[in-house]
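Just so it is clear, the model here is predicted, and its values are computed rather than measured.
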Amino acid sequence: MARLLLLLSILLSFSSQAQPTVKWSFNTKDASFGQSASADIDGDGKLEIVFGCYRNDSMIYALNAENGSLLWKFNAKGSAEGCNDVAPIIYDVDGDGKLEVIVPGSCNPKTFCFDGKTGALKWACNTRGSDSPPTIADIDGDGKAEILHGEFGGYVICINAEDGSKAWEIAVDTKSWIQTAPTIVDINNDGDLDFIVGTWNASVKTDNKIYAYRAKDQKLQWTYAVSDVMYHGTAVGDLDKDGKQELVVGCYNDTLYCINAENGTTNWKYSFGNSFYVGGPALIADLNNDGRCEVVFSAWYKMAALTWDGKLFWEYNIPNYKQSFRGAAIADVNNNAFPDVVFGTDGGSVIGLNGQDGSLIFNKNLRADYGDSLYAIDNAPLIADFDKDFKLDVFIVGGHGEYPNFYKDFGRAYLLSIGKGNGPDWLMFQNDIWRRSNICEKKASSIENILLETKEVIIFPNPSFNETNFELTLKESAAVSITIYNLQGQKIGSVDGGILNSGKHILHWKATLGIGSGLYYCIVDIGESKVVTKLLLH
């Protein structure tokens with residue numbers, strides 16, 4: 001009976017799902033690689049989207065997400081060719097309460113930091129050039145953030161985020177490039193952050209390795225040998241629930257590796273066979289809401305999911321042997337409370353799959369919309385309600401990029417409306433600023449299971465745009481605090497009301513910059529009791 005009900009749920013969600021429609025588009029002069037990033041960078045209460053383009057365009061664009069209008073643009077060409085093949089990152093680098101945009105240049109070897117609101121250049125740091133998405137963390141404990149990314153020539157650079165000065169640079173393998181993002185993780189639970197990178201040694205493929213470094217002093221912790229190049233970085237999660245992290249990373253030798261983070265030993269491997277190189281980043285999510293994590297990855301023309309222990313959960317063959325090199329975004333897009341998988345292909349399509357079984361939800365052919373057989377997507381999608389119409393949208397960029405005849409290139413970005421869903425938002429490459437690709441942390445269901453008490457809490461306005469009020473009436477004095485969580489159970493805000501006397505009280509909370517729209521859970525602690533309520537942010 002349970003399986004029958006699950007099947008009916010899938011069929012109903014599929015049959016009621018409207019096919020994507022184009023809300024707006026934005027023309028460029030070249031393709032965009034990697035993935036965009038989104039946040040409210042100008043403080044207007046609405047999301048903006050930032051992405052860079054290849055050589056024939058060379059611009060970094062910031063668009064107003066609600067309608068696709070241009071907020072600002074920057075030509076990264078300089079005195080050299082300009083190509084921006086790296087996913088941007090958005091962060092308040094100097095602690096002034098305003099967001100900045102960080103973009104490493106590929107052809108022009110500089111890492112740029114822009115004022116999010118105006119696009120004014122705040123600093124630029126000379127590098128060796130990069131295809132490596134940056135990560136941000138306070139790795140040295142000085143209370144300030146550092147930016148890490150790989151470089152051409154086999155190096156990893158660390159940049160002081162507040163002013164763009166170079167903190168350090170290490171040589172990982174000078175016969176290779178570091179294309180992967182330096183994934184930030186505490187590999188051995190010792191309280192010190194570490195970072196993980198893989199090499200792209202195309203000359204001697206058997207020399208490629210995964211490297212784990214302690215971040216604060218760059219001490220090598222371990223290496224893991226593979227037999228081919230690696231382009232995208234690592235997913236992080238405690239898949240086997242042993243209290244220690246596992247690292248999931250793909251290699252061009254057709255293998256997806258699951259590695260024990262604490263010592264670099266093999267947990268499991270998976271391969272579809274020769275030629276099924278694993279290019280896109282792996283992702284971790286609880287696709288069937290059973291409390292265990294699944295791993296989603298792309299290998300040539302397959303998009304697939306594995307169970308936590310490396311067994312095939314489902315597979316989907318992308319039509320016409322097309323691939324999804326930049327990987328997927330994961331969110332509930334068909335409103336059935338189960339996560340789904342959305343990705344673009346080099347055939348110019350945006351595809352949504354039911355996360356429970358890999359069945360098709362939608363397939364939107366943007367190549368046909370653009371009207372050119374060369375239109376392809378080498379870009380991963382963002383997911384959010386970008387125009388606040390209570391429906392989810394997908395943002396993605398496609399086009400045609402080639403070299404050396406890049407003067408023939410073209411591109412177009414699209415915002416697609418895909419209907420009602422529960423999200424959560426997916427607003428950057430690999431989902432967070434540490435590039436961990438994981439939405440399978442503490443589930444919202446565990447929050448909902450907390451015993452609800454009889455005390456009532458009123459939230460207004462709800463939906464809220466960025467300022468929220470919590471009204472409660474106490475019969476006696478009590479300590480009151482409020483903690484706000486996203487759907488993965490990550491804390492995103494709090495209010496400490498202190499000890500309140502009996503009577504009516506209103507506590508205020510203002511969402512910080514960068515928090516996306518979507519559903520959130522609020523736990524209100526009143527003395528020894530708790531109240532759990534929902535908050536919708538727009």
Side-chain angles (χ1 to χ4, degrees), residues 135 139 148 150 154 156 170 172-173 176 178-201 204-273 276-286 292-297 299 304-313 430 434-438 440-441:
T135 51
I139 62 171
L148 276 69
V156 171
I170 60 168
V172 178
D173 176 2
S176 76
I178 306 299
Q179 313 270 47
T180 70
T183 303
I184 305 292
V185 57
D186 181 357
I187 61 173
N188 51 11
N189 296 333
D190 65 353
D192 290 326
L193 292 178
D194 309 284
F195 66 89
I196 312 296
V197 292
T199 58
W200 181 284
N201 185 335
V204 185
K205 293 183 178 181
T206 54
D207 284 353
N208 284 286
K209 297 178 182 178
I210 299 166
Y211 292 78
Y213 291 92
R214 189 166 60 201
K216 67 179 182 180
D217 58 7
Q218 304 86 62
K219 181 179 180 181
L220 184 63
Q221 303 296 290
W222 51 256
T223 63
Y224 184 96
V226 296
S227 58
D228 213 326
V229 296
M230 290 161 286
Y231 192 88
H232 284 117
T234 307
V236 179
D238 182 7
L239 299 180
D240 55 11
K241 294 189 174 182
D242 66 349
K244 302 175 183 178
Q245 300 293 331
E246 282 76 52
L247 310 174
V248 185
V249 62
C251 178
Y252 269 46
N253 67 352
D254 71 39
T255 303
L256 184 75
Y257 294 93
C258 180
I259 302 166
N260 294 307
E262 71 272 17
N263 55 19
T265 57
T266 302
N267 190 300
W268 50 258
K269 303 177 185 179
Y270 191 88
S271 172
F272 280 112
F276 284 92
Y277 67 94
V278 184
L283 313 173
I284 298 174
D286 183 0
R292 300 303 300 251
C293 299
E294 282 77 44
V295 176
V296 176
F297 72 106
L306 306 178
T307 58
W308 65 271
D309 53 354
K311 297 179 176 60
L312 185 64
F313 185 51
Q430 293 188 262
W434 287 8
R435 311 299 191 191
R436 293 171 295 179
S437 298
N438 188 333
C440 189
E441 296 176 351

| Between I187 and I196, does a side chain to side chain contact (heavy atoms under 4.5 Å, CB included) hold up when you go through it step by step? | CA-CA 9 Å; I187 61 173; I196 312 296; 4.0 Å; yes

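- To the nearest 0.5 Å, atoms CG (L312) and OH (Y270) are separated by 4.0 Å.
- T234 places no side-chain N or O within 3.5 Å of a backbone atom of L247 that could act as its donor or acceptor partner.
- Note that CG of L306 and SG of C293 are 13.0 Å apart. Values are rounded to the nearest 0.5 Å.
- Listed by chain and residue number, L283, L287, M303, A305, I330, V341 satisfy the side chain to side chain contact (heavy atoms under 4.5 Å, CB included) test with V296 (two or more places apart in sequence, or in another chain).
- Smallest separation of non-hydrogen atoms from A235 and A282: CB-O, 3.4 Å.
- Under the side chain to side chain donor-acceptor pair (under 3.5 Å) criterion, Y252 pairs with no residue at all, not counting sequence neighbours.
- Considering all non-hydrogen atoms of both residues, M230 and W200 come closest at O-CE3, 3.5 Å.
- Contacts of D242 classified as side chain to side chain contact (heavy atoms under 4.5 Å, CB included), with partners at least two apart in sequence or in another chain: D238, D240, K244, E246.
- Looking only at side-chain heavy atoms (C-beta outward), E262 and Q245 stay at 4.5 Å or farther from each other.
- Among residues two or more places apart in sequence or in another chain, the side chain to side chain donor-acceptor pair (under 3.5 Å) test is passed with K216 by D192.
- One finds the CG atom of N201 at 5.5 Å from the OG atom of S176 (value rounded to the nearest 0.5 Å).
- For the side chain to side chain contact (heavy atoms under 4.5 Å, CB included) test, residues two or more places apart in sequence or in another chain that qualify with D186 are N188, D190, D194.
- Summarising the geometry of P182 relative to G150, their closest heavy-atom pair is CG-N, 4.0 Å, with the distance given to 0.1 Å.
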| field | Verdict with supporting geometry, V197 and V156, side chain to side chain contact (heavy atoms under 4.5 Å, CB included) | value | CA-CA 9 Å; V197 292; V156 171; 4.1 Å; yes

| query | What do the steps show when you test V185 against F195 for side chain to side chain contact (heavy atoms under 4.5 Å, CB included), and what is the final call? | reply | CA-CA 6 Å; V185 57; F195 66 89; over 6 Å; no

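- A distance of 9.0 Å separates CH2 in W222 from CG in N260, rounded to the nearest 0.5 Å.
- Nearest heavy-atom pair, F272 versus A299, reported as atom, atom and distance to 0.1 Å: CD1-CB, 4.2 Å.
- When atom types are taken as modelled, the side chain of W268 and the backbone of W308 share a donor-acceptor pair closer than 3.5 angstrom.
- Here L220 pairs with Y211, Y213, T223 under the side chain to side chain contact (heavy atoms under 4.5 Å, CB included) rule; sequence neighbours left out.
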| task | May I have the step-by-step check of side-chain hydrogen bond (donor to acceptor under 3.5 Å, both in side chains) for T199 and D173, ending in yes or no? | result | CA-CA 7 Å; T199 58; D173 176 2; 4.7 Å; no

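- With respect to K311 and D309, a salt bridge is recorded, a charged nitrogen being found less than 4.0 Å from a carboxylate O.
- Scanning all heavy atoms of the two residues, the minimum distance from T180 to G198 falls at OG1-N, 3.0 Å.
- A donor-acceptor pair is defined here as one N or O able to donate and one able to accept, closer than 3.5 Å; such a pair exists between the side chain of N438 and the backbone of V236.
- Contact of the V249 side chain with the I259 side chain is registered, since non-hydrogen atoms from C-beta on lie closer than 4.5 Å.
- In this structure a side-chain-to-backbone donor-acceptor pair under 3.5 Å is present from N253 to T255.
- Each of N208, V226, L256 was scored for a side-chain contact (heavy atoms from CB on, under 4.5 Å) with C251, with one residue passing: V226.
- Closest of all the heavy-atom pairs between D254 and G273 is CB-O, 3.2 Å.
- Separating the CD atom in E294 from the CZ atom in F313 is a distance of 5.0 Å, to the nearest 0.5 Å.
- With values rounded to the nearest 0.5 angstrom, H232 atom NE2 is found 11.5 Å from T183 atom OG1.
- A donor atom on one side chain and an acceptor atom on the other are found under 3.5 Å apart for Y224 and T266.
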